[in-house]
Amino acid sequence: MVCHGCYDAPCQLKLDAWMGLERGASKEKVYDGTRLRTAKLTRLFEDAQTTEQWRAKGFYPVLAEESDSQSVIVELLKLKERHPLPAEHPLPDSFDLGLDRDQQCPKAEEFDQYARDYPLWGMPYALPGLDERRQDALLNWLEQGAAGVPYPALSAAEQQQIDQWEAFFNGETLKQQLMSRYIFEHLFIGDLYFSELPGYDSYFQMVRSRTPPGQPIDIISTRRPYGDPDAERFYYRLIPKRTAVLAKRHMPYALNTARLQRWHELFLEPEYEVKALPSYELGIASNPFIAFESLPLVSRYKFMLDEAQFTIMAYIKGPVCRGQVALNVIDDHFWVVFVDPDVTASEHTAAFLAEEAKNLRLPESNSGLLLSLLDWRKYSKEQLKYLKAKTYFLEARTGKHGNPVNLDLLWDGNGVNDNASLTVFRHFDSASVVKGLVGQQPKTAWVIDYSLLERIHYLLVAGFDVYGNVSHQLETRLYMDFLRMEGEQNFLIFLPKEDRIALRNYWYRGASEHVKQFVMSDTVPFDRDTDIEYSPKRPAKEQLLDMLRAHEYGARAEAYHTDDPSFTKLQSLQQASLQFMPQVAFVNVFDKQGQDRFYSIIHNNGLLNNAQLFKEAERRVPEEDYLTVVKGFIGTYPNVFFHLREQDLPDFVDAIAALKNEQDYSDLVTRYGVRRNAPWFWHLSDQFHAHYVDYNPREAGLFDLNRYQNR
């Protein structure tokens, strides 16, 4: 499961569910950045229901389907047993560990040739084999037919919760139906759980079904959650999650009495009228500012802010499990805060967004074979029109008799909600989002308002198609540029006028003037100065970030703090030698009594700008690299495990600070690290997983080891 989960499971062999094992493997890749045509959908449990249907889609068995047939899984396990990993460090170059490697996906009749060509490529691939006890248990089960285990029946308490929520989601009035459609399009990706049931660890998914509550669920499967259900009447249902909990995609969301009351207050109690439900025509359904115009804007915004980490995490963990193209649009480390809904989400704002709905349209489909420059120019022009209109609107709202431009414009979580501030870490081709303002002061920060938050969701979560063609994927990436720049411009508004352009130019070193016009330019001016008083003795940006840490509830994120002086020294460094560190390292420090402490070391890369799609290596500024060290775990794709004694910690930190080349890093791993062929690899991996469950049981899941390095 730590290698075969999500869309990037090698050979599409998903082993996080028994049905994935039964379905088998495919030689077709889900991730293909060059395809000109949209790929066929192969979502487990959705796009086919039986083994025969999967065979018709090109999947072939990896289990023995006849008594005398060969099981590919069994043979792969035995191959590793016959040919264990070599003891040399690191593993030989014959092991291809690149994410875009040519995958070998042998069918049963092809396996003998595979074994001759790649004798060291048994399962687990490029990792140690299982110990004898586990190997025997697994082989015995497989050779006896690999029978699945029935899903446990729902308890009476679970069924009561399901009945209550399905009744709520399937109200008859237009108001209730529009509310439920909005909730579904935001929570379809979540792992829903009933937080009031004691000791509860089961999760559910919200789906659309042709059948009403009380009957077996008949899932309506569409490419996107706002796809046409092609049914005059359908129902929102809760179905048990049938896959294991993997950290890289696990997004828990609590359902409870307080949540039910909150949604009543937001959507059902206010006085407003829904005259008709919006159509599922693509131009309407893909634009939430048109589709949900009847729902109170402040209600929509507060709905997302209540669980802002979940909302942002959906684009980090959601539709993709390999995000380098999507993620190179953001910096490696930045802070996020939000505009206060009670200050800005008014009827005036709703009317303004309604007027600007066409300028806020998002990429709709992937029908074209190539990126349409004509469409791209249209998006660019529409964004500029919207930014100009927004600037005039904000200047009017913050004018002489309006709101002052100060921290009162920002949501502080109402003094109780720790979703008020977030930190995003990018790890090259994956990312993490955590509550609070974590780590050193970052280069950039975003201030997100309702329209920006909604567009992030509909661009990168509800509207993103991992099976889409290159046109769709590029268009999505390029549009995200606009959203990043808008969040940055919102942040600059809180700084003195004289500081804004200089900081913008620093963020966009080497970027074209065409790009810069979207952030604090003559094209999109914001002449209103801030009302925050700054001292001339320190840079205003540093002061503002300090103010945010004091202003936002939960911003200090105490759970991640490490006061160890050795790690404090490590976090004070900013130097080119840190470029040799991996993106995410998990560290186990144990003392003389055998007590374990666990940390994450996150590598933040320095870049000239994030405004270009390709040539990231040419934009690297290694001398601006720095490391963030936290207690516990940030990141779901560890690149290396370090395991060291407490008394060795100062030397470990000194060795990191003294790195000069790749050989120095290799020596660091030899002394303190755990390589892929270490005999104790699985034991230590289990330790990290177990501590994650103890440290954060609700968010914990199995880490993915596909990015574990061989250095």
Side-chain angles (χ1 to χ4, degrees), residues 1-15 24-35 39 60 62 72-73 75-108 110-130 248 320-325 327-328 427-430 466 580-585 614 616-617 636-641 662-663 665-666 669-670 673-678 681-682 685 703-711:
M1 289 189 286
V2 297
C3 295
H4 287 265
C6 202
Y7 292 115
D8 62 349
C11 306
Q12 291 198 59
L13 177 59
K14 280 174 59 64
L15 299 179
S26 169
K27 294 180 183 287
E28 297 293 326
K29 288 185 177 182
V30 172
Y31 287 96
D32 183 354
T34 62
R35 62 173 168 245
Y60 55 88
V62 296
V72 173
I73 289 289
E75 295 304 320
L76 284 166
L77 287 164
K78 289 181 176 178
L79 185 64
K80 173 57 66 77
E81 197 171 37
R82 294 195 302 272
H83 300 280
L85 290 180
E88 63 189 86
H89 300 303
L91 293 176
D93 292 339
S94 58
F95 287 95
D96 187 353
L97 297 172
L99 286 181
D100 294 318
R101 64 182 179 268
D102 291 332
Q103 296 180 2
Q104 304 297 322
C105 305
K107 298 180 179 180
E110 300 166 340
F111 187 82
D112 290 344
Q113 184 62 49
Y114 171 88
R116 288 192 291 271
D117 292 342
Y118 309 104
L120 294 176
W121 286 17
M123 285 184 71
Y125 175 74
L127 287 167
L130 305 181
K248 63 186 175 183
V320 298
C321 296
R322 185 181 305 175
Q324 195 271 328
V325 171
L327 292 172
N328 75 356
H427 319 300
F428 183 65
D429 51 19
S430 67
V466 71
F580 300 106
M581 286 294 289
Q583 295 296 301
V584 178
F614 303 113
E616 181 168 318
T636 59
Y637 298 87
N639 302 129
V640 67
F641 296 148
E662 185 65 30
Q663 184 58 51
Y665 177 77
S666 180
V669 177
T670 298
V674 181
R675 286 200 166 88
R676 278 178 163 267
N677 55 354
F681 181 91
W682 291 116
S685 175
F703 296 117
D704 188 291
L705 299 179
N706 277 298
R707 275 101 159 148
Y708 202 92
Q709 294 179 344
N710 179 41
R711 295 169 65 193

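- When the salt bridge (charged side-chain N to carboxylate O under 4.0 Å, His left out) test is applied to R675, no partner is found at least two apart in sequence or on another chain.
- Of the possible polar contacts, none joining the W682 side chain to the L130 backbone as a donor-acceptor pair under 3.5 Å is found.
- A donor-acceptor contact shorter than 3.5 Å is absent between the side chain of Q103 and the backbone of P10.
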Which is it for K248 and C6 under the side-chain contact (heavy atoms from CB on, under 4.5 Å) test, yes or no, and what are the steps along the way? CA-CA 8 Å; K248 63 186 175 183; C6 202; 3.6 Å; yes
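- Atom CG of D102 has 12 or fewer neighbouring heavy atoms from other residues, nucleotides or ligands inside a 6.0 Å radius.
- Taking the six-membered ring for Trp and thresholds of 30 and 60 degrees, W121 and Y118 have nearly parallel ring planes, at less than 30 degrees apart.
- When atom types are taken as modelled, the side chain of Q583 and the backbone of N639 share no donor-acceptor pair closer than 3.5 angstrom.
- Under the salt bridge (charged side-chain N to carboxylate O under 4.0 Å, His left out) criterion, K80 pairs with no residue, sequence neighbours left out.
- At least one donor-acceptor pair closer than 3.5 Å links the side chain of N677 to the backbone N or O of P86.
- Side chain of N710 to backbone of P90: no donor-acceptor contact under 3.5 angstrom is found.
- Proximity of E616 to F428: side-chain heavy atoms (C-beta onward) are separated by under 4.5 Å at one or more points.
- With sequence neighbours excluded, the residues satisfying side chain to side chain contact (heavy atoms under 4.5 Å, CB included) with V62 are L13, L21, A25, V72, I73.
- The distance between the ring centers of F703 and F641 does not fall below 6.0 angstrom.
- Every residue two or more places apart in sequence or in another chain was checked for a side-chain hydrogen bond (donor to acceptor under 3.5 Å, both in side chains) with R82, and none qualifies.
- For K107, there are no salt bridge (charged side-chain N to carboxylate O under 4.0 Å, His left out) partners at least two apart in sequence or on another chain.
- For the salt bridge (charged side-chain N to carboxylate O under 4.0 Å, His left out) test, residues two or more places apart in sequence or in another chain that qualify with E662 are R711.
- Shown here for P638 and L705, the closest heavy-atom pair between the two residues is CG-CD2, 4.0 Å.
- Dense packing is recorded around CD of Q709, with more than 12 heavy atoms of other residues, nucleotides or ligands lying under 6.0 Å away.
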